[in-house]
There are 2 protein chains.
Amino acid sequence: MLRTARTAPVAAAEEAQRLPIDTILVGDCIDHMNSLPAGSVDLIFADPPYNLQLDQGLTRPDQSKVDAVDDDWDKFDSFAHYDQFTRAWLKAARRLLKPDGALWVIGSYHNIFRVGTALQDLDFWMLNDVIWRKANPMPNFRGTRFTNAHETLIWAAKSQKSRVTFNYEAMKLANDDTQMRSDWLFPICTGAERLKDEDDGKVHPTQKPEALLFRILNATTKPGDIVLDPFFGTGTTGAVARKLGRHFIGIEREQSYIDAARQRIATIRPGVFEALQSVKPKRQETRIPFGSLIEQGLIEPGAQLFDLTKRYFAMVRADGSLVSGNHQGSIHKVGALVQGFESCNGWTFWHHEQAGKVAPIDDLRAGIRQKLDLLSA
Amino acid sequence: MLRTARTAPVAAAEEAQRLPIDTILVGDCIDHMNSLPAGSVDLIFADPPYNLQLDQGLTRPDQSKVDAVDDDWDKFDSFAHYDQFTRAWLKAARRLLKPDGALWVIGSYHNIFRVGTALQDLDFWMLNDVIWRKANPMPNFRGTRFTNAHETLIWAAKSQKSRVTFNYEAMKLANDDTQMRSDWLFPICTGAERLKDEDDGKVHPTQKPEALLFRILNATTKPGDIVLDPFFGTGTTGAVARKLGRHFIGIEREQSYIDAARQRIATIRPGVFEALQSVKPKRQETRIPFGSLIEQGLIEPGAQLFDLTKRYFAMVRADGSLVSGNHQGSIHKVGALVQGFESCNGWTFWHHEQAGKVAPIDDLRAGIRQKLDLLSA
DNA sequence: ATGGATATTGAATCCGCAG
DNA sequence: CCTGCGGATTCAATATCCA
């Protein structure tokens, strides 16, 4: 029982000595992870290749070309190869984690199901899946699918019996005193935060916003913890770890990313919480589209709407469109068309009758909004 | 070539005859699916059990299970069983789908990664993952994790080359004229909508809100389509299908659910035809060749066209081609060539002058279309 | 300087029919 | 199966330009 007699601070100091703290290791992440001491890391954040399968170019409606992720590091021959790669780095990651350590992975529908399955097979214990809702996602330019407006994160403990760090109170506090939910709203990384090269191009095609890492490290690490990122890229994890007084270990293969990351991190004063305020989510009014009134049964398909003077009438269709004579479209468009105006606020223009009383459909929206806000408060 | 002589409506009627339309089949979904004719269903919506212990009769996971058997083999075994079950019903489902059919699955982090992996392995083609954000989720009572405030849906085509139904315009319109995103906000199923038994208890533990199915069927089916639900439960899919003028086939094992579903669906008036019509997408509008504008005297041979900024000019020839400098060809081809683009919509790019006013030639097309529509009405 | 208009851009499995 | 081609398709946040 000699080992337990050693005090924790001393052990931590020794541990830090044999670990390449606050540095970037150059090379393959699996090799590096396997050469680090087992059970030495508190948290791993991983943003692995997504294995996108893009077989043709994409242009915007204005004919400009979308700058796709076509880097070699995102190319895999098959799902089998991707699985093999995934299980290899996850296995190495698991070995590195302390018994009470945890891991975050981010991905999209192209890869996240493979990653999740591998995690479960390797005896990680899932704690949450978390949705990063993008405030400003790239639209679906061809109008063929839903706007791909989110990415998925998995938070998993090393094992079922791990007692992981979760700063419940801090999260609740940051969320206006209600529990932090599993859906997070952040803008994508643009503007001054986005690293640019000499030609004003992106240094990295998929740089993640600091706000995302800020939330993750704030929620699931303690000051002084060691956070490892095996796909370090341009070092968002390192930058945020430093700001939050955590230690990082980055692993990255591409020299251009490493150069950018080192430069970036060098300018950061450790433990300065300047970004804290920017992370606090602004409470915004819940947007209620007209279609949701029908979906939620507040207006029946086939119902008749009319303006206050009952000069114009329109029928509600199941898909949320209005029809009035030859005109069809959204409540706003049809409102404008029947009056011969350029535009119209359909919410206040169109009325309905309920229990013998005439009211603008905006009242229904207000009802839903109140209900939703009450529910989420 | 006799088969092509058969008109589509006749084929649809025959197909409907050999299918148990608008009914609930009692028993195991895999057996039933395998006994139905292949390639006969437009859409499948599936809300499979989340349970990982199949031998306990596929009930929902018991969250109070703390002192788990820490036996790796046992755990792997249960995942393996769940995977086996998942692949079996997905394979049967895929066989049932028409070539252009699609499938929706809903799940949580307990099972959705297994389902997603199986889908990809079985050559389904993922179109979107969609997040149902719950307006009123159950809080995390112990304060140990983030509030589990969402569930994940996967929308996948039968194969990569399937041309699935997606009512893009309807979705956009119902969302106040901006693209529908992949994150959807709905309350969970409570109140009057929630089916209760004699003791005021829930009839089904995980009844889904009708609003969710409403959006799914509105987005990815057409009126008259056949929608199959292999885990029918208390019949939300059937209820919404009926309201929206779609046909359903339900499969369910539990008699108590079936009784509730039958009672529920019997009271629903099927959707009214008029209210079920959707906005006609531009893609499906009558094609008007440019040459017909000349044939009908709306544009004279020799007329000059130009773009809105009058940087490019072109002359109309009698055969419907344009000439601009060295370039000649269709309105689209010449529009692309003069701008140096890959492609161009000549209808909106080229303008003409009429009675001193500049207007896109698309206005002339719109006039012809309106005339045609009036004639055919 | 300032405000308004215009241009750029982001992890994307992004068309469909006729011949 | 293939090729060819008509023609339909974008939201929010920055960045830049111009009056």
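Residue numbering restarts at 1 for every chain, and letters A, B, ... go by the order of the sequence lines.
Contacts of A:Asn51 with the nucleic acid, taken as non-hydrogen atoms under 4.0 Å apart, are absent. Across all strands, A:Trp132 comes closer than 4.0 Å to no nucleic acid atom at all (heavy-atom distances). Using a 4.0 Å heavy-atom cutoff across all strands shown, B:Cys344 reaches at least one base atom of the nucleic acid. Here A:Asp47 lies in heavy-atom contact (under 4.0 Å) with a base. Using a 4.0 Å heavy-atom cutoff across all strands shown, B:Arg181 reaches no nucleic acid atom at all. At a threshold of 4.0 angstrom between heavy atoms, the contacts of B:Asn345 include nucleobase atoms, whether or not backbone atoms are also involved. Counting any heavy atom pair closer than 4.0 Å across all strands shown, A:Thr206 reaches a base atom. At the heavy-atom level, A:Pro209 lies nowhere under 4.0 Å from the strands shown. Within 4.0 Å (heavy atoms only), A:Lys208 reaches at least one base atom of the nucleic acid. Across all strands, A:Gln63 comes closer than 4.0 Å to base atoms (heavy-atom distances). As judged by a 4.0 angstrom heavy-atom cut-off over every strand, A:Pro137 is placed among the base-contacting residues.
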* Structure fact -> Letter by letter from the 5' end, nucleotides 14-19 of chain C scores (B base, S sugar-phosphate only, - none; protein heavy atoms under 4.0 Å) BBSS--
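Following rounding to the nearest Å, A:Lys196 (NZ) and D:dA13 (C1') show an atom-to-atom distance of 11 Å. Put simply, CD on B:Gln284 is 11 Å from P on D:dT9, counting in whole angstrom units. One interatomic measurement links the two molecules: CG of B:Asp177 to P of D:dT10, which rounds to 10 Å at whole-angstrom precision. Separating the CH2 atom of B:Trp347 from the P atom of D:dG6 is a distance of 11 Å, rounded to the nearest angstrom. Regarding A:Lys202, its NZ atom lies at a distance of 12 Å from the C1' atom of C:dT8, rounded to whole Å. Between B:Leu337 atom CG and D:dC5 atom C1' there is a gap of 13 Å when expressed in whole angstrom units. Rounded to whole Å, the distance from CZ on A:Arg194 to C1' on C:dT8 is 14 Å. When rounded to the nearest whole Å, the span between OH of A:Tyr50 and P of C:dG10 equals 15 Å.
Side-chain N/O atoms of B:His332 include one lying less than 4.0 angstrom from OP1 or OP2 on D:dG7. Note on B:Arg287: a side-chain N or O is less than 4.0 Å away from OP1 or OP2 of D:dG7.
Of the listed nucleotides (D:dA8, D:dC11, C:dA11), C:dA11 has the atom at the smallest distance from the side chain of A:Glu151. Ranking D:dG7, C:dT9, D:dT14 by closeness to the A:Thr190 side chain, first place goes to D:dT14. For B:Gln179, whose side chain is taken as the heavy atoms from C-beta onward, the closest listed nucleotide among D:dG7, D:dT10, D:dA13 is D:dT10. Comparing C:dA12, D:dC11, D:dG6 by their closest approach to the side chain of A:Ala68 singles out C:dA12.
Each of A:Lys208, A:Arg215, A:Arg133, A:Glu210 was evaluated against A:Phe186; a single residue qualifies, A:Arg215, per the side chain to side chain contact (heavy atoms under 4.5 Å, CB included) test.
Proximity of a side-chain donor or acceptor of B:Asn128 to a complementary backbone N or O of B:Val130 within less than 3.5 Å is not detected.
Sequence neighbours left out, the pairs with a member in residues 335-352 of chain B that pass side chain to side chain donor-acceptor pair (under 3.5 Å) are A:Gln63-B:Ser343. Residue pairs meeting the salt bridge (Lys or Arg N to Asp or Glu O under 4.0 Å) criterion with at least one member in residues 134-155 of chain A, sequence neighbours excluded, are A:Lys134-A:Glu151.
When every heavy atom of A:Tyr257 is checked against every heavy atom of A:Asp71, the shortest pair comes out as OH-OD2, 3.9 Å. Here the shortest heavy-atom pairing between A:Pro49 and A:Asp74 reads CB-OD1, 3.4 Å.
With sequence neighbours left out, B:Ala219 forms a side chain to side chain contact (heavy atoms under 4.5 Å, CB included) with A:Phe146, B:Phe166, B:Met171. In this view, A:Pro289 and A:Ser292, B:Asn175, B:Asp176 satisfy the side chain to side chain contact (heavy atoms under 4.5 Å, CB included) rule, not counting sequence neighbours. The side chain to side chain contact (heavy atoms under 4.5 Å, CB included) test applied to A:Thr267 returns no partner, not counting sequence neighbours. Residues passing the side chain to side chain contact (heavy atoms under 4.5 Å, CB included) test with A:Arg60, sequence neighbours excluded: A:Asp62, A:Ser64, A:Val66, A:Phe141. Remark: A:Asp28 engages no residue in a salt bridge (charged side-chain N to carboxylate O under 4.0 Å, His left out) (not counting sequence neighbours).
Toward the 5′ end of DNA chain D lies the nearest nucleotide of B:Lys161, the other residue of the pair B:Lys161 and B:Tyr168 mapping further downstream. Of the two residues near DNA chain D, A:Pro61 and A:Asp200, the one whose nearest nucleotide lies more 5' is A:Pro61.
For the C1' atoms, the distance from D:dC18 to C:dA1 is 14 Å, rounded to whole Å. To the nearest whole angstrom, the two C1' atoms, one in D:dT10 and one in C:dT8, are 13 Å apart. For the C1' atom pair drawn from C:dA11 and D:dA15, the interatomic distance equals 23 Å after rounding to whole Å. Here, D:dG7 and C:dC14 have their C1' atoms 15 Å apart, quoted to the whole Å.
Within residues 309-331 of chain B, the residues that have a heavy atom under 4.0 Å from DNA chain D are, in order of number, B:Ser330.
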Give the table of side-chain donor-acceptor pairs shorter than 3.5 Å for residues 316-331 of chain B, with sequence neighbours excluded, one pair per line with atom names and distance.
residue: B:Arg317; atom: NE; partner: B:Ser321; partner atom: OG; Å: 3.0
residue: B:Arg317; atom: NH2; partner: B:Ser321; partner atom: OG; Å: 3.3
residue: B:Arg317; atom: NH2; partner: B:Gln328; partner atom: OE1; Å: 2.8
residue: B:Asp319; atom: OD1; partner: B:Ser321; partner atom: N; Å: 3.0
residue: B:Asp319; atom: OD1; partner: B:Ser321; partner atom: OG; Å: 2.7
residue: B:Ser324; atom: OG; partner: B:Phe313; partner atom: O; Å: 2.6
residue: B:Ser330; atom: OG; partner: B:His332; partner atom: N; Å: 3.3
residue: B:Ser330; atom: OG; partner: B:Lys333; partner atom: N; Å: 3.0

Hey, can you pull the donor-acceptor pairs under 3.5 Å for the side chains in residues 51-59 of chain A, sequence neighbours left out?
residue: A:Gln53; atom: NE2; partner: A:Asn51; partner atom: O; Å: 3.3

* Reading DNA chain D 5' to 3', what string of ( ), [ ], | and . shows its pairs, if Watson-Crick and G-U wobble pairs count only when both distances fall under 3.5 Å? -> .|||||....|||||||||
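Taking the ring centroids of A:His204 and A:Trp73, they lie under the 6.0 Å cut-off.
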